[in-house]
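Each ligand, and each atom within it, is numbered from 1 in the order the structure gives. Owing to the predicted nature of the structure, the values given are computational and were not obtained by experimental measurement.
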Amino acid sequence: MVGTANAMFLSGHDFHVLLWVSVVAGVVALLAGAAVGTALSRWSHELQDEARRFGESGEFTAGRHGPQELQAISEELARTSRRLQESRQREARLEDSRRELVAWVSHDLRTPLAGLRAMTEALEDGIAEDPSRYHRQIRSEVDRMVRMVDDLFELSRIHAGNLRLSLEPVMLGDLVSEAIASADPVARARGVRLGGGVEEGLEVVADSAELSRVVGNLVMNAIRHTPSDGLVEVVGRSGPDGVELSVTDGCGGLSEEDMARAFDVAWQGSQARTPDVTGVFGSGAGLGLAIVRGIVEAHHGTVSVVNHAPGCRFRVQLPAPA
Ligand SMILES: Nc1ncnc2c1ncn2[C@@H]1O[C@H](COP(=O)(O)OP(=O)(O)OP(=O)(O)O)[C@@H](O)[C@H]1O
Ligand SMILES: [Mg+2]
């Protein structure tokens, strides 16, 4: 500026004024730059400290300081922190249910194993009064344990994402008829009536063995929780959201907590845990509905439960065949 002013043949007075203006403007610009620079460096240090604390504690609260760009970074970090916390809570819940499962399964295995040992010892010592009854009991206990191990294996395949489905068109009516036919002797023995029906020609694309397991588990649960002379209804129909299969029983209704946790691994109701010692209805370890949910979700479907007087209704929703 000084060079240019010199070249402009300005008067000495004007030249001095210009010089002063330039000096003052320069000083003001320097001060403003320094102020903005200091503030920026302070804000970015604060953000750096907060990010460091986030790394240490896993918690981040978005501070409202600095220019918009820094605030945007800070808000993004706060969002990440919230997602991290949610996934940590989910992990903790999973860990809890895994721990619960191991505890319950060891409990449910230890009890029949103790019984088996006592029975085989009695047989060995020749003090069993009715050996054939002992043999039958041993057989049914072994069957129940085999079912439990089988359920655990299925559940571990589901959780590991190793469930290989061989999808094919399945006639839902045939599948439900088979499930009802195999559950019929148990229902008769309990005095429970089995009814319902499936829409003519209703088809789903599914793994028939896995879907049979779903229907079998739901029907067995329904029979187990329905008093004698009660009715269990299995209905299949096509709805707006695909194919719907419902199993309605006469269990007398479920509490909010039972409905929320019924599909959790090892959950057996808010009442005292009373495993089914006969083993007729499954392993009796609270795995049946967790397996149902795993299989249904692997088919891109959903499963839910609602109260429906005089009992409750388990509803499986599967996508309609393309
Ligand atoms: N149809 C039903 N009516 C009422 N309660 C039910 C019904 N089905 C399940 N429940 C409740 O949900 C719990 C979990 O059911 P789930 O099938 O997972 O386990 P389980 O039947 O106890 O054992 P498993 O199926 O492993 O033999 C049951 O213990 C019961 O309390
Ligand atoms: Mg069950």
Side-chain angles (χ1 to χ4, degrees), residues 97-98 100-109 111-112 140-159 176 179-180 182-183 186-187 190 192-196 210-235 245-297 303-316:
S97 82
R98 212 168 290 146
E100 223 169 55
L101 173 68
V102 172
W104 282 125
V105 166
S106 6
H107 167 267
D108 287 350
L109 281 175
T111 318
S140 88
E141 284 293 357
V142 169
D143 282 351
R144 193 168 78 83
M145 286 197 287
V146 166
R147 231 168 281 152
M148 194 188 294
V149 171
D150 184 43
D151 278 359
L152 281 171
F153 184 61
E154 176 86 353
L155 207 60
S156 81
R157 282 202 307 157
I158 291 170
H159 285 170
V176 167
I180 287 183
S182 66
V186 183
R190 302 267 298 196
V192 171
R193 286 169 292 135
L194 281 176
E210 299 293 347
L211 197 58
S212 295
R213 192 170 191 144
V214 167
V215 181
N217 279 1
L218 291 178
V219 170
M220 279 306 191
N221 274 353
I223 297 173
R224 182 181 177 187
H225 294 99
T226 300
S228 65
D229 210 30
L231 175 68
V232 167
E233 259 193 319
V234 187
V235 174
L245 178 85
S246 65
V247 180
T248 313
D249 63 18
C251 70
L254 286 172
S255 68
E256 284 295 320
E257 192 190 10
D258 281 342
M259 283 197 284
R261 298 203 56 191
F263 298 95
D264 286 0
V265 171
W267 174 255
Q268 291 214 294
S270 44
Q271 311 294 317
R273 190 179 169 93
T274 48
D276 156 43
V277 286
T278 62
V280 177
F281 298 102
S283 64
L287 308 177
L289 288 178
I291 291 174
V292 165
R293 183 167 65 179
I295 295 176
V296 170
E297 285 178 357
V303 56
S304 57
V305 56
V306 287
N307 275 329
H308 187 273
C312 54
R313 172 174 287 172
F314 285 80
R315 204 160 34 199
V316 173

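- Of all the listed residues (Arg224, Met220, Gln268), Gln268 holds the heavy atom that lies closest to atom 28 (C) of ligand 1.
- Within the listing of ligand 1, atoms 16 (P), 17 (O), 18 (O), 24 (P), 25 (O), 26 (O) sit less than 4.0 angstrom from a heavy atom of Gly288.
- The closest approach between Met148 and ligand 1 stays at or above 4.0 Å for every heavy atom of the residue.
- Using a 4.0 Å cut-off to heavy atoms of Trp267, the atoms of ligand 1 that qualify are 13 (C), 14 (C).
- Counting the atoms of ligand 1 from 1 in the order shown, those under 4.0 Å from a heavy atom of Gly286 are 18 (O), 19 (O), 20 (P), 22 (O), 23 (O), 24 (P), 26 (O).
- For ligand 1 and Cys251, the ligand atoms under 4.0 Å from any heavy atom of the residue are 3 (N), 4 (C).
- Backbone or side-chain N, O or S atoms of Met220 do not reach the Mg ion (ligand 2) at under 2.8 Å.
- The shortest heavy-atom distance from Phe263 to ligand 1 is not under 4.0 Å.
- Of all atoms in ligand 1, listed by their number and element, those nearer than 4.0 Å to a heavy atom of Ala222 are 1 (N).
- Counting heavy atoms under 4.0 Å from ligand 1, residue Asp249 touches it through the side chain alone.
- Of the heavy atoms in Leu254, only side-chain atoms (C-beta onward) come closer than 4.0 Å to ligand 1.
- The closest approach between a heavy atom of Asn217 and any atom of ligand 1 is not below 4.0 Å.
- At a threshold of 4.0 Å, the pair Arg213-Asp151 counts as salt-bridged, since one of the basic side-chain nitrogens sits closer than that to a carboxylate oxygen.
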